[in-house]
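Below: the structure, in structure tokens.
These numbers come from a predicted model, not from an experiment. A note on names: the letters A, B, ... follow the listed sequences, proteins ahead of strands, and every chain is numbered from 1.
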Amino acid sequence: MKRREQLWAYLFIASPILGFLLFAFIPLSYSVYVSFTDYSGYKTPVLNGGDNYVNLVHDELFWKTLGNTIYSALSIPIGMICSLGLATALNQKIRGIRFFRTLFFLPTISSVIALTLLWKWIFNDTYGLLNHLLEVVGINGPAWLSSERWAMPAMIIQGVWSGLGINLVLYLAALQGVPRSFYEAAEMDGANAWQRFRSITIPCISPTTLYILITSIIGALQDYPRFQIMTEGGPNYSTTTIVYYLFQNAFRYMNMGFASAMAWILGIIILVITLLNFYFSRRWVHYE
Amino acid sequence: MKLSKRNFGKGMLVSLSLAMMIGGLIGCGSKESSGNTPVADGQVTIQFAGWGDPSEKEVFTNLIKSFEEKNPTIKVNYLHIPSGDYVGKMNTILAGGDAPDVFYVPDGDFGRWVSQDLIMPIDDMVKNSNIDTADMWESGLSRYRYDGSAIGQGKLYALPKDIGPHVLFYNKDLFTKMNVPFPSAETPMTMEQLLDTAQKLTISKNGKTTQYGMGPVWWEDFVLANGGKFLSDNKQEFVGNSEETVHALQFAADLTNKYGVVPSSAALKDLNDSEMFKTGKLAMMVTGRWMVPEFRKLGFDWDVAPLTGNDWGGISGSVGLGIYSKTKNVEAAYKLVEYLGGPEGQKEQSLMGFSIPSFKSMASTDVFLQPGQKPEHAEVFIKAVEKEEAGPWTVLPNAKWYDLLSQGLAPMWEGKKSAADVLNDLKPKIDAAIKEGNPALFK
């Protein structure tokens with residue numbers, strides 16, 4: 001009977017494993033092979049050694065777009081601070097709490113395309129909402145999306161805003177899981193609000209912080225559709241992220257081999273960052 | 001062994017997960033039927049892919065219907081793909097190796113697709129059919145020729161579905177109101193005349209412009225109309241830092257930065273320029289024939305004039321009709337291309353008001369000129385189509401050089417650098433991209 005049960009178990013896990021092999025492992029291995037060829041996407045690939053990797057290192061735009069991606073990741077710390085602040089505020093017993101929770105979660109469930117088009121209008125230098133508001137307080141706003149200096153900050157603002165909802169919900173859940181008794185004890189010892197927040201709340205929610213950090217970094221490194229719609233990577237490649245450049249190489253310059261090489265370098269970067277994150281997390285993440 | 005309740009549940013689960021798995025596999029493995037299998041009685045079904053707004057979809061649905069009536073042995077499946085997704089979707093379908101028999105080929109993607117052997121040469125078929133290529137606009141045809149390295153010569157791979165030259169549209173009512181003479185329909189304005197006209201039509205109050213003299217600057221138009229060039233004749237070198245090109249681009253940038261008669265590109269990009277024209281915020285704008293049906297609904301009078309510069313230069317857009325290189329129904333596919341790109345198809349499209357027939361003889365008839373309907377000087381389109389060229393993004397199979405150029409112009413549009421500096425800085429990078437991306441050109 002035990003054997004039979006084992007057999008069943010294997011049958012059950014066969015489905016996801018086969019799925020993984022077919023739809024992830026085989027394509028992934030193929031892309032390693034492609035990264036060593038001159039594959040255009042249509043014709044038969046021909047091996048060209050490590051040419052793609054060599055070209056990649058010498059490609060100015062690769063480094064520039066990698067830099068842009070790291071710059072755009074500034075939205076992660078800003079977004080985390082904002083969502084933690086909002087979550088703390090929403091964790092209080094205030095009126096209309098459900099309304100605010102829904103309000104902040106709305107961007108998460110709306111279409112990326114629609115939101116991006118909306119933000120395009122917000123950032124319009126002549127007719128946009130943002131410059132209109134700035135004008136009210138006496139500031140002459142920049143041409144957000146068409147200025148090399150301001151296009152990325154604009155994209156960061158939009159990134160922070162669009163990531164707020166999901167992070168807020170995660171933080172709210174984490175905040176509600178912090179045991180009341182900890183606060184009560186601290187209060188009796190005379191700890192003020194800030195001390196309680198710093199010494200109880202932050203350590204208690206640190207697993208959530210780690211989760212948000214890792215998923216946000218991976219998300220930021222792979223971000224591109226909103227850049228494609230809002231700025232087309234411009235002006236002067238100032239908002240071309242690495243995945244957007246990868247996409248252009250694959251589908252616009254028919255250089256699938258080069259794009260695959262780029263994808264693998266990006267994959268390794270993501271892996272290293274995530275491992276480092278886990279490694280250092282031991283120092284600041286506290287599990288119960 | 002009896003089938004116990006527990007086991008039954010397990011069995012159900014297993015068969016369910018197996019069914020899901022197998023279903024998934026079949027779903028992915030089975031090819032999307034393109035229906036190109038001949039039917040018993042000699043009838044063939046071909047697939048045709050294109051994009052277009054609802055009115056274009058309607059025109060093509062009707063055209064296909066009448067094509068099928070005339071060719072009872074051929075059935076056409078019309079695959080309508082939204083224009084924004086078209087190239088991306090076609091790239092995937094083409095890479096999958098089972099594409100529609102006939103499909104739209106945007107002139108900017110033509111080079112890439114043909115250099116990858118995805119489109120079939122049609123010279124011989126055209127010669128043996130009733131299409132008179134001598135009566136067609138040269139630039140419409142030549143952009144679909146490819147000789148293995150550069151575009152513009154060699155074998156013909158597609159017939160133009162349409163050709164759309166750029167012209168200057170202007171709001172006659174605004175001109176009259178502000179006492180500015182109409183632009184001539186025969187002689188293009190010089191740059192100085194354009195600036196002067198645009199300045200007279202611009203209204204600013206306390207630094208806020210409520211009415212602009214002119215709309216979007218198609219910088220490629222300015223360059224070509226000023227006798228400038230982007231690439232050398234053998235297409236191996238970027239010559240955009242020559243005097244004419246630099247001068248034209250500097251002028252285009254100055255229209256916004258120095259004279260303030262054209263809204264900044266940012267303002268335009270997001271607030272559709274034709275919307276601004278329609279609401280009377282732009283006195284002039286550059287666009288093509290496709291806007292005519294919409295502008296005919298406007299409450300003010302308007303007309304068309306040539307682009308600025310000498311000798312009617314500028315760029316025209318086009319979409320071609322190509323045949324998939326691996327189609328099993330070459331004959332039927334060509335029949336459809338011949339019908340849509342030939343006199344009958346062209347006539348129907350022109351009557352709708354949004355396109356110019358590919359045939360010179362037809363363009364000079366009422367089919368296109370449509371007397372009594374705006375614009376009054378429809379012949380401007382015809383003179384323009386004869387002189388205007390395909391856009392610079394079409395001339396090489398790999399367009400990275402062009403992306404480098406259009407991205408790299410940013411400091412000039414921002415007014416931070418002169419056109420000369422920007423273009424000189426870009427030259428070595430662009431030259432490298434031409435060489436790297438188009439090896440066939442240097443063989």
Side-chain angles (χ1 to χ4, degrees), chain A residues 4-5 7-8 11-16 18-19 22-23 38 40-43 55 59-61 113 117 119-128 140 142-151 229-240 245 247-256 258, chain B residues 1 7 10-11 13-14 16-18 20-22 24-25 28 84 87-88 91-92 94-97 108-109 111-113 115-118 207-209 263-271 276 397-401 403-404 406-414 416 422 429 432-433 436-437 439:
Chain A
R4 272 190 74 87
E5 275 179 8
L7 211 82
W8 281 114
L11 247 166
F12 275 118
I13 58 171
S15 158
L18 266 174
L22 265 167
F23 300 118
D38 67 350
S40 66
Y42 312 108
K43 285 182 176 173
N55 290 342
D59 187 13
E60 216 179 293
L61 279 177
I113 312 282
L117 290 174
W119 276 93
K120 242 177 124 164
W121 174 76
I122 291 175
F123 284 129
N124 187 300
D125 66 333
T126 322
Y127 308 98
N140 202 356
W144 291 99
L145 296 176
S146 59
S147 139
E148 254 184 271
R149 180 185 298 168
W150 289 105
I229 302 162
M230 248 158 95
T231 59
E232 288 166 18
N236 206 3
Y237 296 104
S238 61
T239 57
T240 307
Y245 186 49
F247 168 83
Q248 285 181 325
N249 274 295
F251 295 104
R252 190 166 156 80
Y253 312 142
M254 50 183 182
N255 212 339
M256 215 52 96
F258 187 73
Chain B
M1 272 284 286
N7 272 337
K10 252 193 226 164
L13 260 171
V14 170
L16 197 75
S17 64
L18 275 175
M20 270 163 65
M21 210 171 82
I22 293 165
L25 291 183
C28 288
V87 172
N91 277 333
T92 323
L94 287 165
D109 299 285
R112 193 176 64 236
W113 287 349
S115 69
Q116 296 298 315
D117 299 332
L118 297 168
K208 274 244 156 195
T209 308
S264 73
S265 62
L268 273 169
K269 215 191 281 165
D270 313 325
L271 198 87
M276 287 180 81
N398 182 302
K400 188 174 183 179
W401 75 273
D403 288 348
L404 282 167
S406 46
Q407 287 277 356
L409 289 177
M412 180 192 82
W413 297 123
E414 276 196 69
K416 283 187 186 153
V422 167
K429 289 184 198 169
E436 195 187 303

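Heavy-atom distances place no part of B:D109 under 4.5 Å from chain A, backbone and side chain included. Both the backbone and the side chain of B:S115 come within contact range of chain A, each with at least one heavy atom under 4.5 Å from a heavy atom of that chain.
The distance from the CG atom of B:L404 to the OH atom of A:Y237 is 4.0 Å, given to the nearest 0.5 Å.
Taking the side chain to side chain contact (heavy atoms under 4.5 Å, CB included) definition, one finds that A:D59 meets it with A:L61, A:F62, A:Y245, A:F258, B:K400, sequence neighbours left out. Qualifying side chain to side chain contact (heavy atoms under 4.5 Å, CB included) partners for A:K43, counting only residues two or more places apart in sequence or in other chains: A:S40, B:Q116, B:D117.
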*Tell me, with the steps shown, if B:E436 and A:N55 meet side chain to side chain contact (heavy atoms under 4.5 Å, CB included).*
CA-CA 10 Å; B:E436 195 187 303; A:N55 290 342; 5.6 Å; no
_Go through it in stages, so that I can follow the logic: the residues are B:E414 and A:S147, the test is side chain to side chain contact (heavy atoms under 4.5 Å, CB included), and I'd like the CA-CA distance, side-chain angles, deciding distance and then a yes or no._
CA-CA 7 Å; B:E414 276 196 69; A:S147 139; 3.7 Å; yes
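Per-residue heavy-atom pair counts under 4.5 Å with chain A were compared for B:G437, B:S406, B:A410, and the maximum is reached by B:A410.
Taking 4.0 Å as the cut-off between side-chain N and carboxylate O, A:E148 and B:K416 do not count as a salt-bridged pair.
Taking both residues in full, the closest heavy atoms of B:G408 and A:N236 are given as CA-OD1, 3.6 Å, listed atom of the first, atom of the second, then distance. The shortest non-hydrogen separation linking A:G234 to B:Q407 is CA-OE1, 3.1 Å.
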